[in-house]
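Okay, so here's the structure we're looking at.
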Amino acid sequence: MASLSNSILTFRTTTPYQHEDTTTFRLVDSFLSSSYFPNRVKLSTRTPSLSSKTSRSFTSIINEFEEGKGNKPVDQLEESKSTTTTTKIQESELADRWLEIHGQDDWVGMLDPMESLLRNELIRYGEMAQACYDAFDFDPYSKYCGSCKFPRRKFFDGLGMTDYGYDITRYLYATSNINLPNFFKQSRWPKVWSKNANWIGYVAVSNDEMSKRLGRRDITIAWRGTVTRLEWIADLMDYLRPINSDNIPCPDPHAKVESGFLDLYTDKDEKCRYCKFSAREQILTEVKRLVEMYSDEKISITVTGHSLGSALAILSAYDIVETGLNVRADASVAPICVFSFSGPRVGNIRFKERIEKLGVKVLRVVNVHDIVPKSPGLVLNEHSPSMVMKICEGLPWSYSHVGVELALDHKNSPFLKPTNDLVCAHNLEAHLHLLDGYHGKGRRFVLSKGRDIALVNKACDFLKDHYCVPPNWRQDENKGMIRDKDGRWIQPERPRLDDHPPDIHHYLKHLGL
């Protein structure tokens, strides 16, 4: 059926251009690598010409493809075998090279030209961050607004990501009592799942099959960012304060991070079932539990997030290492890496120096037209002269990015509108699309992994109109309403979400929290 599906996709994609200009078809098709259609049927005299003006129905064309799929040309069979072999080689290579992919050498020589293994892993972790958006209920007319739509054990299945290779071990929550109103979502109804909590991400661990493919057991932390709006930037106090002011260990009293990020990470509401423990306490106890559980295996800790979620990713990765949770019983150290997407600056230059000294590897994927990575610290930042930064490092608005930057440009994609819309430029699915087509600076944009371009318009209006993909197309059917046994429309009850494991107090005690 792979041959049929890819052939149909070719038909649907190219038909609008064939009515106008065959050259246009060839130009657009050239932006799709051969891997985009790995088993595409090669048109022959037996295959219907999709550009001809035929009166046959589309169904008859499909049937003809079905009849011929068992008689593939020899070159297609060879191509299919080659694709399978390449996949197996890449999986074997990933298990051998995972430390490089994880930033062991700061990705030197892997970004330009773009290393295909790294691209695939960046997209995979980006999809885990995107899952936070897709699973989040942000409808103010839902009594579950601010929660996750799916129970923990059905998370990936609920998103259509069956067999993704990870098991969710814990959901993460934060209190909405802090000053970030555009990050938190609240229901308009009086009866709600929680008045003070918001779901903000999850912790997952690779299963046995995925661990074999990765070459280690991978603990992944995914943080949710802002859903659609960018007003949260204005919510930032743009004020740095010492990271150790919130009982996060740090030997340098001048290492500072943005105040709002610290509040989101460390605040709690002891009267609330879901956020009676801070996000920090939830993360540290779960990481400690998993590191101890897999004490006899090679492990990695990978933290990912988009937008404000990437700031939490950097902050939590720092905390894990500074607290020493990645140091194992045999004194070996589990490597920790952050894959950040469109993240803001988090702290000052002293924080940057400290996190890099600890060995936390950070790869930041940004769109050069996105305003969020340029905030806060629009005036004093890592691009300012070093002498100026040295003089001003004590000021509360002097910021510096951490890690390595991979800069992408949405105007290089022939699929996207050359718009200056800030929401489009910030969109995570657009970043994953740009990753798929990026091969290095000055190189032609060609989709390598073959991600569906329609995903770009899931929550924005970014694709060019002639692809006929409606903007903001991802919606819940009937706004989540269903018919009850009497035929009346109701909002269904959802299973109660997991809050905190019973052994959390045990790990809090061991951590001295």
Side-chain angles (χ1 to χ4, degrees), residues 30-36 86-87 89-91 93-127 129 214 300 302-306 310 313-314 317 335-345 352 355-356 359-374 381-383 386 400-416 418 425-451 453 456:
S30 70
F31 291 106
L32 305 174
S33 75
S34 59
S35 64
Y36 193 98
T86 301
T87 301
I89 290 174
Q90 285 187 336
E91 289 188 358
E93 191 176 3
L94 177 59
D96 294 335
R97 298 181 58 197
W98 71 267
L99 283 169
E100 290 180 63
I101 303 298
H102 220 243
Q104 176 179 249
D105 301 315
D106 295 312
W107 301 283
V108 173
M110 301 186 76
L111 302 179
D112 191 15
M114 188 68 188
E115 171 71 49
S116 61
L117 277 177
L118 176 58
R119 177 196 296 110
N120 292 345
E121 288 298 277
L122 279 171
I123 291 175
R124 186 172 67 82
Y125 285 109
E127 289 172 342
L214 297 176
S300 64
T302 312
V303 197
T304 187
H306 169 256
S310 76
I314 290 172
I336 185 165
C337 165
V338 177
F339 290 128
S340 158
F341 297 87
S342 189
R345 296 184 179 96
K352 165 188 165 67
I355 194 173
E356 293 180 353
V360 178
K361 303 299 182 179
V362 179
L363 180 56
R364 297 181 296 102
V365 180
V366 303
N367 178 356
V368 296
H369 303 286
D370 184 10
I371 191 174
V372 172
K374 301 171 185 176
N381 55 58
E382 68 280 357
H383 300 301
S386 56
S400 183
H401 266 308
V402 303
V404 177
E405 180 176 279
L406 173 57
L408 308 175
D409 186 341
H410 73 247
K411 294 187 178 181
N412 289 335
S413 170
F415 301 92
L416 305 181
H426 187 58
N427 183 269
L428 177 54
E429 285 286 6
H431 279 68
L432 302 185
H433 166 75
L434 295 177
L435 272 173
D436 196 10
Y438 178 78
H439 293 265
K441 293 179 181 177
R443 296 173 184 258
R444 191 162 59 97
F445 188 99
V446 179
L447 296 178
S448 298
K449 192 175 174 61
R451 297 191 83 248
I453 61 171
V456 172

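Given the structure is predicted, the values throughout are model-derived calculations rather than measurements.
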May I ask you to test the Arg444-His439 pair for a side-chain heavy-atom distance under 4.5 Å? no

Lys361 and Asp106: CA distance, side-chain angles, deciding distance, salt bridge (charged side-chain N to carboxylate O under 4.0 Å, His left out) verdict: CA-CA 7 Å; Lys361 303 299 182 179; Asp106 295 312; 3.1 Å; yes

Q) Are any non-hydrogen side-chain atoms of Val368 and Leu408 less than 4.5 angstrom apart? A) no

**Request:** Report yes if some heavy atom in the side chain of Leu363 is under 4.5 Å from a heavy atom in the side chain of Leu111; otherwise report no.
**Result:** yes

Notebook entry, point to check: If we only count heavy atoms from C-beta on, is the Met110 to Arg97 side-chain gap below 4.5 Å?
Noted result: yes

Heavy-atom closest pair (Arg364 atom, Val402 atom, distance to 0.1 Å) is NE-O, 2.8 Å

For the pair His433 and Phe415, name the ring-plane relationship: parallel under 30°, tilted 30 to 60°, perpendicular over 60°. perpendicular

| request: Determine, stepwise, if the pair Glu382 / Arg345 fulfils salt bridge (charged side-chain N to carboxylate O under 4.0 Å, His left out). | output: CA-CA 10 Å; Glu382 68 280 357; Arg345 296 184 179 96; 2.9 Å; yes

*asked:* I want to check something: taking the side chain as every heavy atom from C-beta on, are Leu214 and Trp98 in contact at a cut-off of under 4.5 Å?
replied: no

Closest non-hydrogen contact found for Thr304 with Phe341 is OG1-CE1, 3.5 Å

| Short N-O contact, Arg119 and Glu115, less than 4.0 angstrom | no

Nearest heavy-atom approach of Tyr438 to Ala407 is CE1-O, 4.4 Å

Worksheet item: Between Arg451 and Glu429, is the closest basic N to carboxylate O distance under 4.0 Å?
Response: yes

Closest non-hydrogen atoms of Leu122 and Leu432, given as atom of the first, atom of the second and distance, are O-CD2, 4.5 Å

Check: Any side-chain heavy atom of Pro335 within less than 4.5 Å of one from Leu99?
Finding: yes

In terms of heavy-atom contacts, Ser342 and His431 come closest through CB-NE2, 3.6 Å

* To do: Could you walk me through whether His369 and Asp409 pass side-chain hydrogen bond (donor to acceptor under 3.5 Å, both in side chains), step by step?
  => CA-CA 7 Å; His369 303 286; Asp409 186 341; 2.6 Å; yes

Note to self: Within the structure provided, determine whether Asp436 and Ile123 are in side-chain contact (heavy-atom separation under 4.5 Å).
What the structure shows: yes

Please check: side-chain N/O of Trp107 versus main-chain N/O of Ile101, any donor-acceptor pairing under 3.5 Å? yes

Tightest non-hydrogen contact, residues Glu356 and Gly403, listed as OE2-N, 3.1 Å

Could you tell me whether Glu121 and Arg124 make a salt bridge, using a distance below 4.0 angstrom between a side-chain N and a carboxylate O? yes

Problem - Residue pair His401 / Asn381, side-chain donor-acceptor N/O under 3.5 Å - result: no

- Decide if the gap between the ring center of His306 and the ring center of Phe339 is smaller than 6.0 angstrom. no

* **Sidechain-backbone polar pair: Asn427 side chain, Ala430 backbone, donor-acceptor under 3.5 Å** => yes

Query - Side chain proximity check, Leu435 to Leu406, heavy atoms < 4.5 angstrom - result: yes

- Query: Backbone N or O of Gly440 within a donor-acceptor pair of the Asp112 side chain at under 3.5 Å?
  - Reply: no

